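Take a look at the structure set out below.
Bear in mind that the values here come from a model prediction, so they are computed numbers and not experimental data. Atoms within a ligand are numbered from 1 in the order they appear, just like the ligands themselves. When reading the values below, keep in mind they use all heavy atoms of this one structure, side chains included, and skip hydrogens, waters and symmetry mates.
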Amino acid sequence: MHRVYLDNNATTPIHPDVAAALKPFLDEVFGNPSSIHWGGREAKTSIDKARDQIADMIQAKPAEIIITGSGTESDNYAIKGVAYGQKGRGNHIITTTVEHPGVLNTYRYLEAKGFRVTYLPVDSYGLIDPGDVKKAIGPDTMLISVMYANNETGTLFPIGEIGKIAREEGVLFHSDMVQAMGKVDIDIESLNVDLASFSGHKVYAPKGVGALYMREGLEIDSLIHGGHQEAGRRAGTENVIGIVAFGCACEVTKREMQDQNRRIDDLREKLFKGILERVDRVGLNGHPTLRLPNTLNLAFESVEAESFLIALDLQEIAVSAGAACSAGAIEPSHVLLAMGRPSRVCQSAMRFSLGRENTEDDIDYALSVIPETVNRLRKKTSTQ
Ligand SMILES: *Cc1c(COP(=O)(O)O)cnc(C)c1O
């Protein structure tokens, strides 16, 4: 059977060039980057190179890149780092209702610690109004967090505009850019962000490595204390293999990005049009144009997403439904609920997220399976 992976927003396979670049690190290069001898120097040089590659991807300076253990850690580091390290700035934080749990749950934690958090609402496309950001800023606002691209719908936020407002008002600005990296050209300087989060496994590197962009000169509290790694900002012996992979993935992804985005966008449109032609009562969740080229979030009326996902999985198609699964149960997506979608729409939402390995064949196969599966599930519901 034809195996089709349409869940690239959850994670991506390791790029073959990245896998090749890792080979020496599985045997020859094993030193501790902090060691003075040849073993340490080799490892240290590899990390320096990777840092350059990551910085180059977002047009930052290498010293502005701090390697972390995940996108989630970068979110935590940025947010708690400002909250505890910039106390003089105030006690109020602004974010949106549709952030990744890495951001949302960090703010919930800070609320319990006495910080005041404003969660800005989104419209039916999942977008916030930059005017609302401006209105929410008060004399004690210390930080604004707005994601660049939403992981569930692919909706793109006007980060440049929000960055300009934050800069004018003298408020620090953090953006979770995990889903934007590799899909959108990022010129970090021009966006007026102070902090930005990234993750390796969303750009064809392995899981367990991330990065935080921190604008030059900014000082925030550290999350992890210990040795002097990452210029004393993030302690712990470095995940050399993961870091080398992330660096290499940035270089390769940057090189392929334009061509891949065009190709992936075409495949996504083919899937979208194909489904609309073959299946009735389907609606798009998210913005029709201001969105990532690879993401398609659809509501299939009267189809329960969990059954749909399992039925597609039985036919070797991997997709995602609702938000992340908690203990195997799919909960209605907080993103779609925030967009004011009725709960029956949230219960029937499927996310298709494409990547560099997808082919025309994958889409043809998906289109041969989806209509019949939807019809079968709808019949079952109506006869129950
Ligand atoms: C995947 C993801 C994260 C978390 O990154 P991890 O490396 O998996 O912790 C954060 N934000 C967004 C938008 C994501 O899609």
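With respect to E256 and R263, no salt bridge is recorded, no charged nitrogen being found less than 4.0 Å from a carboxylate O. R268 and D265 are joined by a salt bridge, as a carboxylate oxygen and a charged side-chain nitrogen come within less than 4.0 angstrom of each other.
Taking atom 8 (O) of ligand 1 as the reference point, the nearest protein heavy-atom neighbour is H201 NE2, 2.8 Å. Closest to atom 13 (C) of ligand 1, if we only count protein heavy atoms, is D176 OD1, 3.5 Å. The protein atom (non-hydrogen) at minimum distance from atom 12 (C) of ligand 1 is H100 CD2, 3.4 Å. The protein heavy atom nearest to atom 1 (C) of ligand 1 is K202 NZ, 1.4 Å. The shortest contact between atom 7 (O) of ligand 1 and any protein heavy atom is with S199 OG, 2.7 Å.
Looking at G71, P101, S197 and measuring to atom 6 (P) of ligand 1, the nearest heavy atom belongs to G71.
Residue contacts with ligand 1, taken as heavy atom pairs separated by less than 4.0 Å, do not involve E73 at all. Using a 4.0 Å cut-off between heavy atoms, T72 contacts ligand 1 through both its backbone and its side chain.
Side chain to side chain, Q315 and T373 meet the donor-acceptor criterion of an N or O pair below 3.5 Å.
The one candidate from D140, L143, V171 that meets the side chain to side chain contact (heavy atoms under 4.5 Å, CB included) condition with H92 is D140.
For the pair R108 and Y119, the distance from NZ or CZ to the six-membered ring centre is under 6.0 Å and the angle to the ring normal is within 45 degrees.
No continuous path of hydrophobic side-chain contacts links V252 to F246 [ILVMFWY only; heavy atoms under 4.5 Å].
Not one N or O on the side chain of Q179 forms a donor-acceptor pair closer than 3.5 Å with the backbone of N150.
The shortest N/O to N/O separation between N9 and ligand 1 does not fall below 3.5 Å.
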